[in-house]
Amino acid sequence: MAYDADVIVIGAGLAGLAATAELVDAGRKVILLDQEPEQSLGGQAHWSFGGLFLVNSPEQRRLRIRDSHALAWQDWLGTAGFDRPEDHWPRKWAEAYVDFAAGEKRSWLHRQGVRLFPVVGWAERGGYDATGHGNSVPRFHITWGTGPGLVAPFERRVRAGAARGLVELRFRHRVTGLSRSAGSVDTVSGEILEPSDVERGRPSSREVAGAFELRAQAVIVTSGGIGGNHELVRANWPERLGTPPRRMLSGVPAHVDGKMLGIAEAAGGRIINRDRMWHYTEGIDNWNPIWPMHGIRILSGPSPLWLDARGKRLPVPLFPGFDTLGTLEHIMKTGHDHTWFVLTQKIIEKEFTLSGSEQNPDLTGKSIRDVLGRARAGVPGPVRAFMEHGADFIVERSLTDLVRRMNELTGEPLIAEDALRGEIVARDREIAHPFTKDLQVTAIRGARKYLGDRLIRTAAPHRILDPKAGPLIAVRLNILTRKTLGGLETDLSSRVLADGGAPLPGVYAAGEAAGFGGGGVHGYRSLEGTFLGGCLFSGRTAGRAAARAVS
């Protein structure tokens with residue numbers, strides 16, 4: 001039987017595009033499959049904020065941020081917490097990825113036309129000791145153009161390969177099986193779905209119009225994770241994070257269902273670290289949804305008071321932007337799925353950014369004028385739209401009215417006004433003098449010592465009950481599904497491993513399907529900005545390795 005291509009890549013997200021681009025550079029013939037229509041090319045990366053983890057970059061140095069490979073590796077280890085026998089390959093991938101982030105990553109992207117916003121963000125600050133979780137310094141580099149700006153150069157490379165006759169783009173091809181016709185996995189079979197003209201991200205038809213079977217010398221699985229499949233998220237929910245939420249929002253489209261992981265496993269691949277996952281705790285209902293249960297994450301500065309469902313402040317160091325999964329673990333032990341931000345107009349004007357390319361039209365559209373507007377007073381347009389239309393936002397002049405509406409929104413009188421007023425007044429007293437025992441106040445003052453935060457990210461400290469800073473704002477926060485941290489176990493050549501540790505012949509994996517490399521490069525928790533870079537690095541590795549392996 002003749003081969004239809006040298007390599008078949010399953011999944012046209014960022015990892016699949018990176019792998020295909022590398023195969024094209026090596027002169028290999030590729031068939032790129034995806035179950036979604038062509039308008040969804042780029043997958044989840046298109047919707048992203050475009051954040052990239054870089055170490056000792058020119059952008060950092062211009063802002064007087066002193067970073068190093070040693071410091072980044074210290075932070076990665078403290079965050080990942082590798083402690084399982086199956087962490088052998090994930091740890092090796094982590095070493096390779098930190099080398100990449102501190103080495104050629106920026107120059108490699110720069111050569112392809114990727115440019116970066118000059119202000120480096122500081123996400124996942126941790127708040128523990130030096131060897132614990134979190135970034136010791138700002139490392140969150142935003143792509144100029146956000147997610148679409150990062151996808152674009154790899155899409156160009158793939159389409160150039162198609163023009164040369166090296167790439168076939170086959171959309172609406174849903175894989176249902178991997179099999180062997182000789183010694184290695186070389187056959188990909190599945191269903192052809194009927195054409196769909198739905199907008200990017202919206203649910204597409206699952207009506208089957210035909211079947212297909214294709215053969216190649218190698219197969220690369222880049223199909224993503226499980227974040228759109230809440231049933232599977234709950235089935236893999238780790239005991240350490242408590243009882244799974246009754247209600248979750250989706251940070252990814254519904255087609256991110258994890259089914260390809262099961263298909264690869266049935267073919268002999270080994271999945272490890274199923275219980276490691278990354279979900280956000282600052283999710284809000286999208287008032288203008290694209291996919292089912294569409295949630296948006298608030299990327300907040302450090303000033304909002306974060307309260308549990310009963311109005312009690314979350315414990316140190318669970319402040320906005322410090323420890324995502326630590327906060328998730330605490331929330332799930334409270335017996336409620338939601339929490340609250342309470343803040344002022346003055347805070348929301350400077351500190352609220354909504355994650356996603358569509359929520360940041362200035363950065364996505366590469367408008368210097370509009371980006372400069374972030375430094376001016378006033379609520380950004382996308383945030384203003386949520387204040388006016390979002391189901392989770394409450395705006396009132398008085399705390400009495402704010403509490404009344406918070407309880408009305410949840411349908412339960414969970415928050416007592418007197419208790420909440422006491423929390424806020426106590427916090428406000430700490431603002432009135434240069435000394436404090438309130439570590440959130442210390443964190444706010446510390447953030448403003450960093451120029452990037454002072455300019456566009458952290459409001460000047462003030463009393464929440466100061467009428468001049470108002471009105472008061474409460475935001476109900478929900479659990480938002482996002483990333484799969486475990487996945488198909490791979491060696492440093494992206495070869496999928498079978499039980500016993502031997503490579504599954506002919507099969508490679510990259511991106512979220514491989515836990516972004518090795519089956520879990522992040523360990524238990526992640527440093528922000530590492531997901532897109534993980535797709536690129538593992539996709540590049542898989543493409544280069546498969547190119548070498550085929551004749």
Any side-chain to backbone donor/acceptor pair from [X] onto [Y]? Under 3.5 Å, distance only.
X	Y	answer
Arg369	Asp362	no
Gln60	Pro138	yes
Ser538	Gly511	yes
Asp285	Ala391	no
Asp428	Leu465	yes
Glu124	Thr324	yes
Thr79	Ser526	no
Thr222	Gly11	yes
Trp340	Arg310	no

Where do [X] and [Y] come nearest, in terms of heavy atoms and distance?
X	Y	value
Pro289	Arg202	O-NH1, 3.4 Å
Val151	Gly42	CG1-CA, 4.0 Å
Glu430	Lys437	OE1-N, 3.1 Å
Tyr97	Gly533	OH-CA, 3.3 Å
Leu325	His279	CD2-O, 3.8 Å
Glu528	Asn135	N-ND2, 4.2 Å

From [X] atom [atom1] to [Y] atom [atom2], the distance as rounded to the nearest 0.5 Å:
X	Y	atom1	atom2	result
Leu414	Met406	CG	CE	9.5 Å
Trp287	Glu388	CH2	CD	9.0 Å
Ile464	Ile424	CD1	CD1	5.5 Å
Tyr524	Arg240	OH	CZ	6.0 Å
Leu363	Thr143	CG	OG1	10.0 Å
Glu512	Phe531	CD	CZ	8.0 Å

* To do: With side-chain contact (heavy atoms from CB on, under 4.5 Å) as the test, would you mind laying out the steps for Asp87 and Asn273 before giving the verdict?
  => CA-CA 9 Å; Asp87 284 333; Asn273 298 316; 3.8 Å; yes

* Which salt bridge (Lys or Arg N to Asp or Glu O under 4.0 Å) pairs, counting each pair once, include a residue from residues 443-457, with sequence neighbours left out? ->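 The answer is Arg125-Asp453.
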
* Under 30°, 30 to 60°, or over 60°: which ring-plane class applies to Phe341 and Phe352, parallel, tilted or perpendicular? ->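 Because their plane-to-plane angle lies in the 30° to 60° range, the rings of Phe341 and Phe352 count as tilted.
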
* Arg247, CZ: over 12 other non-hydrogen atoms inside 6.0 angstrom -> yes

* **More than 12 heavy atoms of other groups within 6.0 Å of Glu199 CD** =>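 For Glu199, atom CD is not crowded (no more than 12 foreign heavy atoms under 6.0 Å).
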
Looking at [Y] and [X], is any side-chain nitrogen of the basic one under 4.0 Å from a carboxylate oxygen of the acidic one?
X	Y	result
Arg429	Asp438	no
Glu423	Arg427	no
Asp401	Arg404	yes

* Structure fact -> Result for salt bridge (Lys or Arg N to Asp or Glu O under 4.0 Å) between Arg476 and one of Asp308, Asp392, Asp337 points to Asp392

Side chains of [X] and [Y]: do they bring a donor and an acceptor to under 3.5 Å?
X	Y	answer
His522	Thr530	yes
Arg206	Ser204	yes
Gln440	Arg313	yes
Thr400	Glu417	yes

* Stepwise side chain to side chain donor-acceptor pair (under 3.5 Å) test for Ser57 and His141 -> CA-CA 9 Å; Ser57 69; His141 296 67; 2.6 Å; yes

* To do: Please lay out, stage by stage, how Lys346 and Asp466 fare under the test salt bridge (Lys or Arg N to Asp or Glu O under 4.0 Å).
  => CA-CA 10 Å; Lys346 188 175 179 181; Asp466 182 353; over 6 Å; no

* **Chi angles and distances behind the side-chain contact (heavy atoms from CB on, under 4.5 Å) call for Leu343, Val475** => CA-CA 9 Å; Leu343 61 155; Val475 186; 4.3 Å; yes

* Test Glu358 against Thr364 for side chain to side chain donor-acceptor pair (under 3.5 Å), laying out the working first. => CA-CA 7 Å; Glu358 81 283 14; Thr364 302; over 6 Å; no

* Given side chain to side chain donor-acceptor pair (under 3.5 Å), test Trp306 with Thr339 step by step and report yes or no. => CA-CA 7 Å; Trp306 203 337; Thr339 56; 2.9 Å; yes

* Please lay out, stage by stage, how His46 and Gln39 fare under the test side-chain contact (heavy atoms from CB on, under 4.5 Å). => CA-CA 11 Å; His46 171 88; Gln39 52 269 31; over 6 Å; no

Is any side-chain heavy atom of [Y] closer than 4.5 Å to one of [X]?
X	Y	answer
Phe322	His133	no
Ile142	Asn360	no
Ser357	Phe49	no
Ile368	Trp144	yes
Thr410	His336	no
Phe319	Leu439	yes
Leu150	Val114	yes
Leu241	Glu329	yes

* Please test Thr281 against His330 for side-chain contact (heavy atoms from CB on, under 4.5 Å), starting from the C-alpha separation and ending with a verdict. => CA-CA 10 Å; Thr281 52; His330 175 79; over 6 Å; no

* Quickly, which of His294, Arg482, His230 forms a side chain to side chain donor-acceptor pair (under 3.5 Å) with Ser250? Name it, please. => His230

* With Leu354 as reference, evaluate Leu299, Ile284, Asn286 under the side-chain contact (heavy atoms from CB on, under 4.5 Å) test and give the passing residue. => Ile284

